[in-house]
Participant: 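Once you've had a glance at the structure underneath, I'll fire off some questions.
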There are 2 protein chains.
Amino acid sequence: MHLTSHTDYALRVLLYLRLREDGKSTIQEIADAYGISKNHLMKVVQRLAGLGYVDASRGRGGGLLLAKLPEEINLGRLVEEMEPHLDLVECFDMKTNTCPIAPVCDLKGVLGEAQQSFLGTLLGYTLADLGTRPQRLRKILKMPKAGG
Amino acid sequence: MHLTSHTDYALRVLLYLRLREDGKSTIQEIADAYGISKNHLMKVVQRLAGLGYVDASRGRGGGLLLAKLPEEINLGRLVEEMEPHLDLVECFDMKTNTCPIAPVCDLKGVLGEAQQSFLGTLLGYTLADLGTRPQRLRKILKMPKAGG
DNA sequence: CGATAAGAGGTATTCTGAATGCATGTTATG
DNA sequence: CATAACATGCATTCAGAATACCTCTTATCG
Ligand code: SF4
Ligand code: SF4
């Protein structure tokens with residue numbers, strides 16, 4: 001039971017940008033701040049751009065900006081969109097299911113309900129609920145001061 | 001986001017035994033019923049035996065029996081015990097965490113809460129809540145008639 | 001216009017852990 | 001003592017995630 005690093009990285013990027021609303025941030029800068037691979041992070045950012053969460057501008061002086069208000073970025077929605085699939089067990093994908101009792105299995109319903117609880121909790125939060133300790137976060141992330 | 005097949009297989013075994021309280025079932029029989037590998041299922045059953053969910057008797061005439069009442073077998077508990085880990089994101093395991101903001105990350109708490117919602121839902125169900133359509137299940141599983 | 005910074009996008013490789021198979025040991029029964 | 005059934009450990013395969021590269025495009029600046 002785990003989320004992919006893509007999903008977590010996406011959230012890290014958004015959190016970073018939320019604390020940095022005053023100016024653009026480059027992928028390199030964010031990768032350095034979290035100590036992760038720039039190449040890897042580029043894929044995540046492309047995805048976020050495609051989903052409309054960030055605006056990316058190329059060329060010298062380019063970088064990333066949040067494309068929405070933090071209050072508009074729902075964590076549950078983001079997780080649903082970033083995760084490659086939400087197939088808790090094989091029968092959740094009827095196309096590849098091999099379990100013979102799927103049509104009449106109560107467990108399937110119970111697991112589905114549990115997953116909805118999970119996502120439902122996340123749907124109750126937005127990016128605006130994160131970063132409640134901005135000073136400490138900015139310090140850990142070695143974030144440039146406003147205007148820098 | 002998915003559970004391992006071990007967890008699902010464990011639940012399948014318990015469901016099978018619950019519908020078959022009248023007599024022992026062999027691993028072979030259950031593997032055939034679900035169309036899965038016997039070798040694989042043996043590992044799952046050993047785990048279930050170790051956790052005290054089933055009694056396994058060896059030798060000719062041996063087989064499996066539920067070691068608890070269906071009402072005593074909680075689905076949330078079982079999932080917790082069968083899953084190799086519940087590390088939704090890397091920071092859930094402090095020993096291997098590399099994320100620098102873990103000590104001050106609000107996201108961690110939110111994800112933890114969501115996971116608790118998931119498990120909390122499952123904790124509300126027991127094996128007794130499954131198998132509400134026993135006739136159809138027994139038929140699909142080609143289960144021997146009572147006493148057979 | 002040319003150099004350069006930055007993102008876009010595709011491909012290849014590595015790595016991990018799950019899934020599976022196999023071989024042998026142990027226990028109980030008849 | 002033959003056999004049926006579970007126990008245990010190890011090896012292998014496989015899928016998907018994670019990561020690394022490489023080339024292309026775009027935009028800015030001197
Ligand atoms: S046992 Fe139920 S939940 Fe598990 S795969 Fe089969 S249908 Fe789905
Ligand atoms: S960003 Fe937060 S939730 Fe994600 S790994 Fe870091 S500490 Fe954990």
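So that the names make sense, note that chain A is the first sequence line, chain B the second, and so on, each numbered from 1.
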Participant: Between B:Thr26 and D:dA5, is there a contact of a side-chain N or O with OP1 or OP2 at under 4.0 Å?
Facilitator: no

Participant: B:Arg47 has an atom CZ; how far is it from atom C1' of C:dA19, in whole Å?
Facilitator: 16 Å

Participant: Do A:Val89 and B:Thr7 make a side-chain contact, defined as non-hydrogen atoms from C-beta onward lying under 4.5 Å apart?
Facilitator: no

Participant: To the nearest 0.5 Å, tell me how far A:Ile101 CD1 sits from B:Ile140 CD1.
Facilitator: 7.5 Å

Participant: Do nucleotides 7-15 of chain D as a string where each nucleotide becomes B, S or -: B if the base has a protein heavy atom under 4.0 Å, S if just the sugar-phosphate does, - if no protein is that close.
Facilitator: BBBB-----

Participant: Please give, in whole Å, the distance from D:dA5 P to B:Asp55 CG?
Facilitator: 18 Å

Participant: Find the distance A:Ile36:CD1 to D:dA18:P and express it as a whole number of Å.
Facilitator: 11 Å

Participant: Within this structure, what is the CG-to-C1' distance between B:Leu65 and C:dA28, rounded to whole angstrom?
Facilitator: 15 Å

Participant: A:Leu41 CG to D:dA18 P: how many Å, rounded?
Facilitator: 13 Å

Participant: Determine, for B:Phe92 and B:Lys108, whether the Lys NZ or Arg CZ falls below 6.0 Å from the six-membered ring centre while staying within 45 degrees of the axis.
Facilitator: no

Participant: In terms of the nearest nucleotide of DNA chain D, which residue is placed more toward the 5' end: A:Gly61 or A:Thr4?
Facilitator: A:Thr4

Participant: Answer yes when A:Arg12 and B:Glu90 have at least one side-chain N-carboxylate O distance shorter than 4.0 Å, and no when they do not.
Facilitator: yes

Participant: Counting C-beta onward and ignoring hydrogens, is there a side-chain heavy-atom pair between A:Asp93 and A:His85 closer than 4.5 Å?
Facilitator: no

Participant: Between the side chains of B:His2 and A:His2, does any donor sit under 3.5 Å from an acceptor?
Facilitator: no

Participant: Using whole Å, what does the distance between atom P of nucleotide C:dT16 and atom NE2 of A:His2 come to?
Facilitator: 14 Å

Participant: For the helix from C:dC1-D:dG30 to C:dG30-D:dC1, how many degrees between its two end axes (five pairs per end), to the nearest 10°?
Facilitator: 10°

Participant: Would one find a side-chain N or O of A:Ser37 under 4.0 angstrom from OP1 or OP2 of D:dA20?
Facilitator: yes

Participant: Does D:dA18 have OP1 or OP2 under 4.0 Å away from a side-chain N or O of A:His40?
Facilitator: no

Participant: B:Arg60 has an atom CZ; how far is it from atom C1' of D:dA2, in whole Å?
Facilitator: 7 Å

Participant: When the distance from CD of A:Glu83 to C1' of D:dA18 is rounded to whole Å, what number comes out?
Facilitator: 14 Å

Participant: Are B:Thr126 and B:Asn74 linked by a side-chain donor-acceptor pair shorter than 3.5 Å?
Facilitator: no

Participant: Got a salt bridge between B:Arg20 and B:Glu29, using NZ or NE/NH1/NH2 to carboxylate O under 4.0 Å?
Facilitator: yes

Participant: Is the shortest distance from a Lys or Arg side-chain nitrogen in B:Asp32 or B:Lys38 to a carboxylate oxygen in the other one below 4.0 Å?
Facilitator: no

